[in-house]
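Just below is one structure, and these are the notes that go with it.
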There are 4 protein chains.
Amino acid sequence: MDGFERRREQKKLQILEAALSLFIEFGTQKVSIAEIAKRAKVSQVTIYNYYESKDKLIQEVIIYYIHKAWSEYEELFQSDLTFPEKVKRIIFQKSDIANHIHASFFQDFMKEYTEENNFIEEFYAEKALPKFIELFNEGKEQGYIDPSISNEAILFYIQMFKEYMQRPDIANSLLPITEDLTKLFFYGIVGKNEN
Amino acid sequence: MDGFERRREQKKLQILEAALSLFIEFGTQKVSIAEIAKRAKVSQVTIYNYYESKDKLIQEVIIYYIHKAWSEYEELFQSDLTFPEKVKRIIFQKSDIANHIHASFFQDFMKEYTEENNFIEEFYAEKALPKFIELFNEGKEQGYIDPSISNEAILFYIQMFKEYMQRPDIANSLLPITEDLTKLFFYGIVGKNEN
Amino acid sequence: MDGFERRREQKKLQILEAALSLFIEFGTQKVSIAEIAKRAKVSQVTIYNYYESKDKLIQEVIIYYIHKAWSEYEELFQSDLTFPEKVKRIIFQKSDIANHIHASFFQDFMKEYTEENNFIEEFYAEKALPKFIELFNEGKEQGYIDPSISNEAILFYIQMFKEYMQRPDIANSLLPITEDLTKLFFYGIVGKNEN
Amino acid sequence: MDGFERRREQKKLQILEAALSLFIEFGTQKVSIAEIAKRAKVSQVTIYNYYESKDKLIQEVIIYYIHKAWSEYEELFQSDLTFPEKVKRIIFQKSDIANHIHASFFQDFMKEYTEENNFIEEFYAEKALPKFIELFNEGKEQGYIDPSISNEAILFYIQMFKEYMQRPDIANSLLPITEDLTKLFFYGIVGKNEN
DNA sequence: AATGAATGAGGGTTCATTCAT
DNA sequence: GATGAATGAACCCTCATTCAT
């Protein structure tokens with residue numbers, strides 16, 4: 001990569017970072033190209049030179065965001081933590097970014113998700129999912145997970161927790177009940193049957 | 001209420017219904033006052049005569065929606081169903097409306113929720129919450145809920161399930177794992193300890 | 001037509017007149033909605049309230065223009081002038097408007113003309129064409145037109161003359177050769193055979 | 001011309017050809033410098049290095065086009081065809097290029113034509129016009145043209161035919177009346193007086 | 001000489017809101 | 001009270017042109 005390309009990449013990054021931070025805070029609709037340009041310290045047209053439309057930019061920002069978010073997880077999966085510890089972190093670990101995400105950005109995120117031929121699905125299937133399955137099997141072997149429950153269901157269950165924990169509107173009321181939620185996660189509402 | 005007022009109320013209702021249906025389908029941002037006026041068969045200015053701004057209208061629509069949605073629950077609480085059955089229905093019952101709700105409407109819903117002095121909070125505290133608490137205590141007495149877990153946490157847990165079930169982007173993949181999710185809800189990932 | 005509608009029609013007319021004069025002078029592309037709004041003394045949005053887009057406006061202006069231009073002809077056809085006189089006037093009569101028409105307006109005019117289901121074609125077939133045919137038959141009966149030549153060809157020939165005379169870029173050089181052109185029109189390049 | 005200059009000339013040609021083809025198809029206004037650069041496989045700035053602005057480029061393209069178009073005629077004038085045959089060809093010969101010319105290009109062509117100190121006028125006066133005059137005189141001598149008609153008028157007449165034949169919007173309806181039009185050209189609407 | 005990158009100015013269009021009847 | 005008409009502000013996007021390498 002020569003000097004030209006490097007500068008080009010850097011500019012693209014500037015724009016992505018500016019867009020991402022604004023999208024996360026205000027959502028995609030409320031943020032205008034002009035604002036992104038201002039924060040990225042480029043002209044509006046420069047943005048159009050790199051990303052052909054606002055829609056395409058949003059898409060690229062989502063991809064950028066996923067890469068960024070995933071890298072936080074990769075470490076965790078490869079760590080030496082025990083199974084319950086890993087799971088707890090997955091659920092409660094607040095990605096600093098994700099935690100303040102705005103609903104309208106989330107919405108576009110999801111729209112991208114539901115569309116066919118999308119990047120997220122692919123990324124998910126090839127990188128994220130295998131890691132999770134691996135973790136679940138580990139959990140089943142070690143007796144932490146009821147083996148009669150399908151991996152799909154567990155994944156779903158974990159993701160539900162995880163996403164819900166990260167919803168900005170409920171983050172505040174979360175702390176006092178963390179302990180209880182952990183219990184609920186592991187033993188459900190019936191609770192641990194200690195006999 | 002005389003004839004005048006009745007007509008007035010009917011017009012307001014027309015507007016609310018029109019706005020609600022559009023908001024649910026397209027979100028609040030993408031729906032213009034002009035469109036609402038058209039569907040409600042009213043002039044734009046009439047809307048402004050009743051609701052001083054679009055923001056206020058959205059607020060009123062949310063309130064209207066909550067009343068509508070709550071009435072579906074009230075029946076359930078007063079029914080003769082067993083505790084587990086009630087809980088299952090709460091979680092899995094798809095409110096036909098809620099199921100197709102658009103993210104941007106949801107977003108405004110949540111914004112309203114997080115603001116102070118809001119209607120939802122109040123409504124929730126005075127009408128919804130007590131019913132839930134009552135249900136949980138019933139569940140604890142009957143041995144269906146671990147009594148060491150706080151009602152706040154259980155409420156949170158239930159709502160998480162409920163809301164997640166209703167997310168339009170995942171509704172499709174839900175059916176095959178309903179059984180497992182029910183198990184997870186009651187016994188967590190560790191599963192029922194039958195010995 | 002009540003007061004409302006009358007004012008509405010008047011505003012529409014204001015806009016059409018403003019747009020027409022600008023289009024004729026500068027062409028359709030170079031004229032912005034902002035300029036039309038300014039000359040018509042309305043806001044840009046008002047234009048959009050009446051005409052849903054610039055394209056639609058151009059279309060309506062063309063229709064308006066045709067009606068206007070045609071009314072100049074109707075008189076001529078019904079007059080008591082002799083056949084040669086009528087024909088001469090058709091060819092050389094400078095519609096004050098048409099004479100200064102800008103090429104880009106002409107272009108859109110023609111685009112409208114070539115599209116299917118267009119107004120011009122219909123107008124032409126139902127109003128203009130019959131009048132011309134009538135005139136040609138009159139000319140043939142009176143010995144002014146070679147009866148072996150089809151009406152289509154004559155129409156074509158006349159229109160060619162007419163349109164060409166009105167081309168702004170050549171109007172200036174026209175006057176000194178009017179006489180000769182008349183001869184050419186009636187007798188072709190071979191000239192009158194006076195034996 | 002050394003190697004450098006040759007390459008330079010070749011690049012200029014690339015640009016002219018690219019611009020011409022785009023202008024003919026889409027008109028001058030709708031074609032952006034970026035598109036020309038792309039088709040010519042050159043950077044935008046290179047275009048500015050050779051032609052100082054878009055307007056200047058358009059001018060040069062017009063000159064280029066005229067040279068190209070004229071060469072088609074030169075052959076015809078020098079051929080051994082009879083006078084009537086030559087004239088017919090001039091009128092009906094469809095220059096493949098000219099036939100699909102876009103109105104906006106034509107417009108700029110004409111604008112250039114009407115401006116003073118222009119190339120077209122000069123070219124016309126010095127190269128094209130003399131050839132036509134020569135032809136007309138030949139026609140008059142051979143009895144094909146009424147000698148009482150000025151050369152200006154005949155030229156005008158011919159050009160009118162020629163240009164009108166080439167108008168894309170009427171080319172289709174032309175074929176069936178070619179015969180009649182030829183008659184009209186030679187004998188006018190009164191027709192040949194054979195006795 | 002040639003290029004990729006960057007830009008100011010402007011265009012069409014939409015929208016929530018207000019005016020005037 | 002209800003409406004059609006009108007608007008200023010903003011938005012996304014394009015373009016001819018210049019800058020910097």
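Sequence lines set the chain letters: A, B, ... in the order given, protein chains first and strands last, and positions in each chain run from 1.
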What is the separation between atom CD1 on D:I36 and atom P on F:dC15, rounded to the nearest whole Å? 11 Å
Return the set of residues passing side chain to side chain donor-acceptor pair (under 3.5 Å) with B:E17 (not counting sequence neighbours), or none when no residue passes. B:Y64, B:K68
Set of side-chain contact (heavy atoms from CB on, under 4.5 Å) partners for C:K56, sequence neighbours left out: C:E52, C:S53
Structure string for DNA chain F in dot-bracket form, Watson-Crick and G-U at under 3.5 Å, | interchain: .||||||||||||||||||||
Residues forming a side-chain contact (heavy atoms from CB on, under 4.5 Å) with B:R8, sequence neighbours excluded: B:Y50
Residue list, side-chain contact (heavy atoms from CB on, under 4.5 Å) with B:I63, at least two apart or on another chain: B:H67, B:F119
Between NZ on residue D:K12 and CD1 on residue D:I15, distance to nearest 0.5 Å: 8.5 Å
OP1, OP2 of F:dA5 versus side-chain N and O of C:R8: anything below 4.0 Å? yes
Tell me, please, which residues at least two apart from B:Y48 pass side-chain contact (heavy atoms from CB on, under 4.5 Å). B:I33
Got a sec, which residues hit salt bridge (Lys or Arg N to Asp or Glu O under 4.0 Å) with D:E35, two or more places apart in sequence or on another chain? none
Identify, residue by residue, the members of residues 43-55 of chain D with a heavy atom below 4.0 Å from DNA chain E, and return them in order of residue number, or none. D:S43, D:V45, D:T46, D:N49, D:Y50
Rounded to the nearest 0.5 Å, the CG atom of B:L57 sits from the CD1 atom of B:I62 at a distance of 10.0 Å
E:dG10 P sits how many Å from A:I33 CD1, rounded? 21 Å
